[in-house]
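Shown next, in structure tokens, is the structure this report addresses.
All values reported here derive from a predicted model rather than from experimental measurement.
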Amino acid sequence: MRRFTRLTNAFSKKVENLEAAVALHFMHYNFGRVHQTLRITPAMQAGIADHVWTLEEIMGVLEAHEEKVASN
């Protein structure tokens with residue numbers, strides 16, 4: 001990820017922004033991206049998911065988590 005390189009525009013100055021970007025990256029990598037060798041997502045291979053997640057579904061999970069954290 002280019003976020004770890006300081007020479008880019010995507011460099012995170014705040015730790016919270018970096019955490020959010022990494023979480024979003026790994027959610028998409030494991031739930032929303034079909035891998036060439038597996039021909040399915042890693043989450044489907046592990047039995048965690050039964051379909052390829054859309055970006056809307058991934059963002060919905062992250063927004064629900066943010067609301068949960070804000071209410072506590």
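Pairs of residues two or more places apart, or lying in two chains, that qualify as side-chain hydrogen bond (donor to acceptor under 3.5 Å, both in side chains) and include a residue from residues 29-40 are R33-H35.
The side-chain contact (heavy atoms from CB on, under 4.5 Å) check on H65 picks up V69, with sequence neighbours excluded. For E19, the side-chain contact (heavy atoms from CB on, under 4.5 Å) partners are V15, not counting sequence neighbours. Residues that satisfy the side-chain contact (heavy atoms from CB on, under 4.5 Å) test with K14, not counting sequence neighbours, are E16, N17. With sequence neighbours excluded, the residues that form a side-chain contact (heavy atoms from CB on, under 4.5 Å) with Q45 are L38, I40.
If you chain together hydrophobic residues whose side chains sit under 4.5 Å apart, F26 and L24 never meet in one group.
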Show me the side-chain donor-acceptor pairs of residues 46-61 shorter than 3.5 Å, one per line, residues at least two apart or across chains.
residue, atom, partner, partner atom, Å
H51, NE2, E57, OE1, 3.3
H51, NE2, E57, OE2, 3.1
T54, OG1, E56, OE1, 3.4
T54, OG1, E57, N, 3.3
E57, OE1, T54, N, 2.9

